[in-house]
Structure formats: structure tokens, C-alpha cells
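The structure under discussion appears below in the form of C-alpha cells.
Atom set for the values below is all heavy atoms of this structure, side chains included, hydrogens, waters and symmetry mates excluded. Chain identifiers are assigned alphabetically (A, B, ...) following the order of the sequence lines, protein sequences preceding nucleic acid strands; residue numbering begins at 1 within each chain. Remember, predicted model here, so these are calculated numbers, not experimental data.
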There are 2 protein chains.
Amino acid sequence: MKDLIYRKIIHDLKKRIFNNEFPSMRLPDERSLTAEYNVSRSSVKRALSSMAQEGIVFKKRGSGTFINPLYLKSQSSFNYEGSNIGITDSLKSNGKKQGIKVLDFSVIPATKSMKTDLFLNDGDFVYKIRRLRLLDEEPIMIETGYIPIKIAPELSKAIVEKSIFNYLEDAKGQQVTRSYMSIQVAPSNQEDQELLGLTANEPVGIMSGIFFMDDGTPFEISNMRIHYRHMNYSTFVSVD
Amino acid sequence: MKDLIYRKIIHDLKKRIFNNEFPSMRLPDERSLTAEYNVSRSSVKRALSSMAQEGIVFKKRGSGTFINPLYLKSQSSFNYEGSNIGITDSLKSNGKKQGIKVLDFSVIPATKSMKTDLFLNDGDFVYKIRRLRLLDEEPIMIETGYIPIKIAPELSKAIVEKSIFNYLEDAKGQQVTRSYMSIQVAPSNQEDQELLGLTANEPVGIMSGIFFMDDGTPFEISNMRIHYRHMNYSTFVSVD
DNA sequence: GAGTGGTCTAGACCACTTC
DNA sequence: AAGTGGTCTAGACCACTCT
């Protein structure tokens with residue numbers, strides 16, 4: 001992480017919050033912080049806004065900025081993570097070994113909906129990539145992805161067996177930092193049951209959507225059918 | 001909506017994007033917009049940042065600000081909504097009639113985890129509220145909520161049959177604007193099957209978490225078991 | 001080198017809360 | 001009335017991209 005002022009403030013305030021430096025649950029007012037850190041008020045505001053968006057603090061006009069009790073007491077029954085992560089959030093590898101088994105790797109013409117979602121033209125082709133993801137040898141999800149050939153013409157089975165996103169970053173200097181995802185629930189079909197080791201009345205979670213690169217180019221349409229015991233998506237939502 | 005400058009810019013730019021005023025998919029640079037709207041660059045930046053967070057545009061340092069193709073072409077197979085809504089996102093009533101059937105409305109002592117999550121003390125009590133939510137007479141979810149008595153001592157069955165959040169806003173002038181939610185998947189249990197009209201191998205989606213009031217006070221622990229056909233949660237995720 | 005977005009400052013004034 | 005967060009300005013300088 002870079003040496004930005006507002007990041008340093010965030011980092012410092014988080015530390016101070018955890019050190020219980022504000023037992024009143026109220027942070028110093030913005031003008032005091034401005035003086036204390038010897039920065040402009042805008043920088044303080046930026047830091048506090050960011051923390052508010054993460055759910056760490058709440059700002060209340062006219063009275064102050066307050067610490068979210070749940071952030072402090074992390075013995076909450078919900079493992080509060082504080083931020084909107086999301087991409088591969090449901091398959092975090094807590095020290096477990098990730099594995100990938102490629103089920104299909106082929107090239108097909110883009111369907112109509114692919115052309116719309118991936119911004120393709122008639123005659124364009126896409127890779128079809130089906131993979132079974134494992135965690136400690138245990139199958140956790142079936143992932144079907146479609147990636148335009150013209151975005152990654154050199155894709156190979158070897159790459160697909162590892163991480164496509166990492167390859168993209170190395171090869172094209174682009175990161176996948178954005179996604180639009182829809183989360184649903186469905187009974188398992190026969191293939192789910194075979195590949196994920198489910199019984200007929202054990203369901204799957206479905207996460208489907210689009211991944212975007214840094215510059216906004218849609219990179220991949222993805223559909224993930226996730227073993228119900230490994231499906232766990234967390235979000236902090238804040239509306240105005 | 002108030003008459004804020006950055007909001008006006010957002011509104012205007014959205015309109016212009018939809019009117020196809022930027023066929024190159026690139027917005028004018030920030031300094032041009034500053035001149036055009038006759039405002040400070042900070043205000044332009046604020047508007048653009050907000051739009052970027054909604055997924056409407058992508059900013060690329062050194063080259064410009066670009067429109068997300070999917071925002072424009074809303075015939076995408078994913079119904080792109082552009083924003084991180086979330087609370088009661090899965091039960092949007094597209095002209096359908098909402099109904100509520102109260103299954104249980106009682107007072108119980110707070111359990112240990114409730115005391116932690118709702119910031120309660122020994123001896124505190126909570127309302128236990130179980131409700132079946134209907135959409136056009138069709139049951140869609142079983143909602144179990146726990147609300148500290150001391151936050152809403154005058155809660156009644158009549159209120160609970162309508163909207164608790166609306167009551168809270170009217171009575172206490174507080175809004176529920178934040179939530180921390182976890183989304184999971186599970187096979188339906190016998191009660192789910194009876195109340196939601198499911199068969200043994202039809203699953204439910206589970207959304208559980210905490211709702212907060214404006215000032216950060218945890219207001220309710222909620223657990224929703226949702227009919228799988230009505231479970232649909234959408235998010236736009238953007239990481240740095 | 002020119003253009004574009006990112007960070008930061010210093011300060012003015014407004015809106016809301018609390019006393 | 002005093003204190004607090006919200007909005008907005010005007011301008012400086014930096015980092016990156018494109019050519």
C-alpha cells in the first residue's frame with residue numbers, strides 16, 4: 001500500500017480503536033484530528049468517510065463520529081470483516097490447499113447474450129472454461145466461464161489450471177477489480193450431485209455475473225454452482 | 001433529494017449518458033466538466049467518484065473516464081441496477097402486494113450471542129418476532145428477528161404486522177440505513193416446507209445479520225429463510 | 001510533452017445537534 | 001451559542017498514459 005496521507009490516518013485510527021483509546025466510542029472531532037495529524041481537514045474527512053463506508057464508524061452530523069461497537073467486539077457471532085470484498089469471497093482458503101480440475105476447455109461462437117454482456121460482435125468467439133474447484137481435495141464448486149478470445153488469445157489449459165486472473169495481470173498488466181454478481185439458490189441437478197458429492201435434497205448456491213478489468217472491459221461471464229456448505233457471502237450495506 | 005451540486009452533476013451526466021451523448025464511451029475530462037458546469041474540480045471529482053462506485057463509469061488514470069457498456073445497454077441478461085442496495089433487495093415488490101403473517105410475537109431474555117451482537121447487558125430482554133412474508137398471497141420467506149425491548153418498548157402486534165422499520169422512523173426519528181448480512185444456502189427443513197410450500201429437495205436461501213440505526217446502534221438480529229425461487233441478491237463489487 | 005486522473009491544502013460557509 | 005459534520009471553492013503538485 002502506498003504512502004498516502006488518508007491511508008495512514010485510517011491505519012492509525014484503526015489501531016487506536018483496537019487499543020481502546022476511545023472508550024467513549026466517539027472519535028475526536030475532525031478539526032482536532034486535523035491539528036493532531038497536522039494535515040488538512042479534507043484528508044481527515046476522506047479517511048473518516050472511507051471508514052464509514054467500511055462500517056467501522058458512523059458519522060452523525062452535529063454530534064460526532066462514533067465507533068461501530070461490532071467492529072470493536074469481534075467476538076460477534078457474525079464474523080465481521082468490515083469491507084465489501086466479494087470476488088472469490090466464498091472460497092477463502094483459510095490455510096487450506098486449493099485445487100482446480102479442468103472439466104472443459106474449448107472455443108465456441110459467442111451466443112447472443114454473450115455478445116451483449118461481453119460487448120462482442122457477430123462472428124466473435126469465446127473460450128468456454130468449466131472447472132471444478134477443490135479445497136483440501138474436497139469439491140466445492142463448479143465454475144463455468146466464458147472469456148472472449150480476443151481478450152486473451154494465448155490462453156492455454158496450463159493457465160486455466162492455475163489462476164486466470166493472475167495470468168491476466170502478468171500478461172496484460174490488467175487487474176480484475178470489479179464484478180457485477182447475482183446470487184441465487186437452486187436444488188442440485190444430477191451433475192452437481194456427482195461432481196460435488198451432494199445428495200438429491202442438498203442444494204447449491206449460484207453466483208453468476210460479469211467480471212471487469214481495470215479499464216472497464218467486460219472480461220468474463222461466470223457461473224458458479226457452489227456446494228451449499230461452502231456458500232457464505234458477507235456484505236456490509238449502507239444506504240443514504 | 002437535495003440541491004447539491006455534485007448530485008446535480010451526477011443526474012445530468014446520467015441523463016446525457018442515456019441520451020447517447022458520448023458515443024466514444026468516454027466522458028469529457030474533469031477540467032472540461034469543471035468549466036462546463038462552472039463548478040470546482042472537486043465537485044466534478046466527487047460526482048465521478050460516486051458514479052464509479054455505482055459501476056456506471058470507470059476511471060482510468062492518465063487516459064480518462066469511461067462509461068460502463070453494461071450500464072448503457074440495459075438489455076444485458078443481468079438486470080444491472082447500478083447500485084449497492086441490499087436491505088430487502090430480495091423481496092422487491094414489482095407491483096405485487098406484500099403481506100405479513102405474524103407467527104410469533106413474544107418477549108424472551110437475551111441469549112449470550114444476542115447480548116454481544118445487540119450490545120446488551122445481563123438481564124436485558126428482546127422481542128422475538130417470527131413472520132411469514134407473502135407476495136401476492138404466495139409465501140416467500142420466514143423472518144425471525146430479535147429486537148431489544150429498550151429500543152422499542154412500545155412495539156405491538158399491530159406494528160409488527162406492518163413495517164417495523166417505518167414505525168421506528170416515525171416514532172423515534174431514526175432510520176435503519178445499515179446492515180451487515182451474511183448469505184447462505186441450506187436444504188429446507190420441515191417447517192420451511194410447510195410454510196413456504198416447498199418439497200423436500202427444494203432449498204432455501206438464508207440471509208442473516210444485523211440491522212443498524214442511523215447512529216450506529218444495533219437494532220435487530222435477523223434471520224430470513226427465503227424460498228429459493230425468490231432469492232436473488234445483486235451486488236456490484238469494486239476493490240482497490 | 002501534453003493530457004488526464006489522484007492527492008492534498010487552506011479556508012469559507014452551511015446544516016444539524018446539543019446545551 | 002458553541003460544536004460538529006457536510007459542501008464547495010481555487011489552486012498546487014504528482015503519477016500515469018499516450019504519442
> Listed by chain and number, what are the side chain to side chain donor-acceptor pair (under 3.5 Å) partners of Thr217(B), not counting sequence neighbours?
Replying inline: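 Per chain and number, Thr217(B) pairs via side chain to side chain donor-acceptor pair (under 3.5 Å) with Asp215(B).
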> Taking NZ, NE, NH1 and NH2 as the nitrogens, is one of them in Asp122(A) or Lys115(A) under 4.0 Å from a carboxylate oxygen of the other?
Replying inline: yes
>> Under a 4.0 Å threshold between the charged nitrogen and the carboxylate oxygen, would Arg130(A) count as salt-bridged to Glu143(A)?
In response: no
Counting only side-chain N and O atoms of [X], is one of them less than 4.0 Å from OP1 or OP2 of [N]?
X	N	result
Lys60(B)	dT4(C)	no
Arg41(A)	dA12(C)	no
Arg46(A)	dT7(C)	yes
Tyr6(A)	dT7(C)	yes
Arg61(B)	dG3(C)	no
Ser42(B)	dT7(D)	no

Take atom [atom1] of [X] and atom [atom2] of [N], then tell me their distance rounded to the nearest Å.
X	N	atom1	atom2	value
Lys59(B)	dT17(D)	NZ	C1'	17 Å
Glu30(A)	dA10(C)	CD	P	16 Å
Asp3(A)	dT7(C)	CG	P	13 Å
Arg7(B)	dG6(D)	CZ	P	13 Å
Leu4(A)	dG5(C)	CG	P	19 Å
Leu27(B)	dG3(C)	CG	C1'	16 Å
Ile5(B)	dG6(D)	CD1	C1'	13 Å
Phe58(A)	dT17(C)	CZ	C1'	19 Å

> Taking only residues two or more places apart in sequence or in another chain, which ones pass salt bridge (Lys or Arg N to Asp or Glu O under 4.0 Å) with Glu36(B)?
Replying inline: Arg16(B)
> Hey, can you pull the residues of residues 32-40 of chain A with a non-hydrogen atom under 4.0 angstrom from DNA chain D?
Replying inline: none
> Is it true that a side-chain atom of Ser49(A) and a backbone atom of Lys45(A) form a donor plus acceptor pair closer than 3.5 Å?
Replying inline: yes
>> Tell me if the side-chain of Arg31(B) makes a donor-acceptor pair with the base of dG5(C), cut-off 3.5 Å, by modelled atom types.
In response: yes
>> By nearest heavy atom, map Leu48(A) and Ser43(B) onto DNA chain D; which one lands nearer the 5' end?
In response: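 Nearest nucleotide further toward 5': that of Leu48(A).
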>> Need to verify one output field. Residue with the more 5' nearest nucleotide on DNA chain D, Lys45(A) or Ser63(A)?
In response: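 Its nucleotide being nearer the 5' end, the pick is Ser63(A).
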> Taking all non-hydrogen atoms of both residues, which atom of Ser43(A) and which atom of Tyr6(A) are closest, and how far apart?
Replying inline: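 The answer is O-CB, 3.9 Å.
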> Do the ring planes of Phe211(A) and Phe165(A) sit parallel (below 30°), tilted (30 to 60°) or perpendicular (above 60°)?
Replying inline: perpendicular
